[in-house]
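Read the structure below first, then the notes.
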Protein chains: 2
Amino acid sequence: MGAEVAEPGTVRPGGRTARVRTAVLQAAGDTLAERGFAHLDLADIARRAEVGKTTVYRRWGTVTGLVADLLTDMAEQSLPRTESGSLLGDLKANARLVRRTLADPRQGALFKAVIAAAACEEKTAEALHRFYEIRVKEWAPCVQQAIDRGEVPKATDTHEVIRAVSAPLYYRLLTSRDPLDEAAADRAAEAAAAAARAGVYVRSEAGLG
Amino acid sequence: MGAEVAEPGTVRPGGRTARVRTAVLQAAGDTLAERGFAHLDLADIARRAEVGKTTVYRRWGTVTGLVADLLTDMAEQSLPRTESGSLLGDLKANARLVRRTLADPRQGALFKAVIAAAACEEKTAEALHRFYEIRVKEWAPCVQQAIDRGEVPKATDTHEVIRAVSAPLYYRLLTSRDPLDEAAADRAAEAAAAAARAGVYVRSEAGLG
DNA sequence: CCCATAACGGTACTCCAGTTTCGTTAATCA
DNA sequence: TGATTAACGAAACTGGAGTACCGTTATGGG
């Protein structure tokens, strides 16, 4: 009694189910890049993916839900971090990676859409937060190495430095029409490195009492 | 012949027309703060504003259009810039102002909504870009004064410094669940100041050839 | 003050996003 | 390889977002 039915696609994830997911995410990504978030329509996506619209509604439910899954899918294909031997070098590598992603028509549109979706729905927002938490955690070690090398103060908040690199790039993507060029990426990295060296990201002493 | 009919509300903007706009924007802001962007529904807003839904559709047309007008309305009530005598002081004042705005339930929700709307529609995106252009231009003089005082290099891109202050705050608002506290604002200002002093925002030499 | 008409607003309508229903297909397990 | 049933998908349905129509209100100019 009362046994909840599992989400569709979880009990028999193989074969057809996986094929449907691939086709739908592909169609959703295409539509997003071509026509933007506002034109995402589940029935239309079902048509493009050559899949029943009932299926799309059953598995994803809403546009924001679909976008969240698109984000999950993208998170699985993340590129590994490289190491250059200096903080500035590592941060530049990170900044350029972020820039390339946001400047790409397909992925840039996706990120805009995901942010819009996150502003609409709490559940999508959490998926987005988790995504960035993971990304930041992936890159934080390069700041730790800089601490070990003595490049930046010991109590530096490593996560905050990584976030400082991305922030200006996202800000530009969302609030201006200026192109996201490599110079902008390098500047973001340099600013973060300079501020970190100056001790701006040293964790507050509140906890040391 | 062919004389286009002006937008409703432009020929007789007084009295009733203005009252309707006030009521609708008020209702829209309330709904936004209470229920979020996803629940913005023009018919519902008309009900709350005690205004005919036909009127709302005629004057604003879409949710994104209404949100854009809400932004315009807010832009008109901007606070004047203060001066503290040092770059860091001025940037901190700016950062704290931005933080207070974003942390406010009503205005924070509005900004999230506007960004979501801008991701949906090109027209709203332009309104957003214009808004930030104006805001940045308003605060840029404090960087110019810092140049004049010799605090930062002469060729510093003043606008870029102001944007660098806001970026981390918006990034945090959108991608994390961490609170937007005053410490975050101060850190954003300190980072921008440190980077500016280090010459990160010096305009590229490309144009000097 | 009065007129022309801009702007509002109620009602009825349309259309399609999202749901329900139920038969069909195929993934998994023994 | 066959039984079980998860997952798919076609078709019919429904509710409400957005539109059309037209009478009413009241602004702004003379």
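Naming: A, B, ... by sequence-line order, numbering from 1 per chain.
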Electrostatic pair [X]-[Y], nearest N-O below 4.0 angstrom:
X	Y	answer
E190(B)	K92(B)	yes
R106(A)	D30(A)	yes
D181(B)	R99(B)	no
E160(A)	R163(A)	yes
E50(A)	R19(A)	no

What is the bend of the helix from dC1(C)-dG30(D) to dA30(C)-dT1(D) when you compare the axis at one end with the axis at the other, using five pairs each and rounding to 10°?
->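 The two end axes of the helix from dC1(C)-dG30(D) to dA30(C)-dT1(D) meet at 60°.
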Describe the nucleic acid contact of [X] in one word from base, sugar-phosphate, nothing, applying a heavy-atom distance below 4.0 Å.
X	result
R58(A)	base
T55(B)	base
T62(B)	nothing
G9(A)	sugar-phosphate

Separation of [X] atom [atom1] from [N] atom [atom2], in whole Å?
X	N	atom1	atom2	value
R16(B)	dT27(D)	CZ	C1'	8 Å
R12(A)	dC8(D)	CZ	P	11 Å
L42(B)	dT19(D)	CG	C1'	13 Å

What string of B, S and - do you get for nucleotides 11-17 of chain D, 5' to 3', if B is base contact, S is sugar-phosphate-only contact and - is no contact with any protein heavy atom under 4.0 Å?
-> B-----S
With no hydrogens and no angle check, do the side chains of Q144(A) and T158(A) hold a donor and an acceptor under 3.5 Å apart?
->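 On atom types as modelled, these side chains do not qualify, holding no pair under 3.5 Å.
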Using only side-chain N and O atoms of R19(B), determine if any of them is under 4.0 Å from OP1 or OP2 of dT27(D).
->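 Yes, within the criterion.
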Classify the ring geometry between Y170(B) and Y171(A) as parallel (under 30°), tilted (30 to 60°) or perpendicular (over 60°).
->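 Plane angle between 30° and 60°, so tilted.
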Which is the 5'-most and which the 3'-most nucleotide of DNA chain C that has an atom under 4.0 Å from a heavy atom of chain A?
->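 Answer, 5' to 3': dA17(C) to dT28(C).
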Looking only at atom types and distance, does a side-chain atom of T10(A) sit under 3.5 Å from a main-chain N or O of E7(A), one as donor and one as acceptor?
->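 Answer holds: yes.
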Check whether any side-chain N or O of T72(B) sits under 3.5 Å from a backbone N or O of A68(B) as a donor-acceptor pair, and report yes or no.
->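 Such a contact is found between T72(B) side chain and A68(B) backbone.
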Exceeds 12 heavy-atom contacts within 6.0 angstrom, atom CZ of R35(B) |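 It does not: R35(B) CZ has 12 such atoms or fewer within range.
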Considering all heavy atoms, the nearest K53(B)-A43(B) contact =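 Looking at all heavy atoms of both residues, the closest pair is CD-CB, 4.1 Å.
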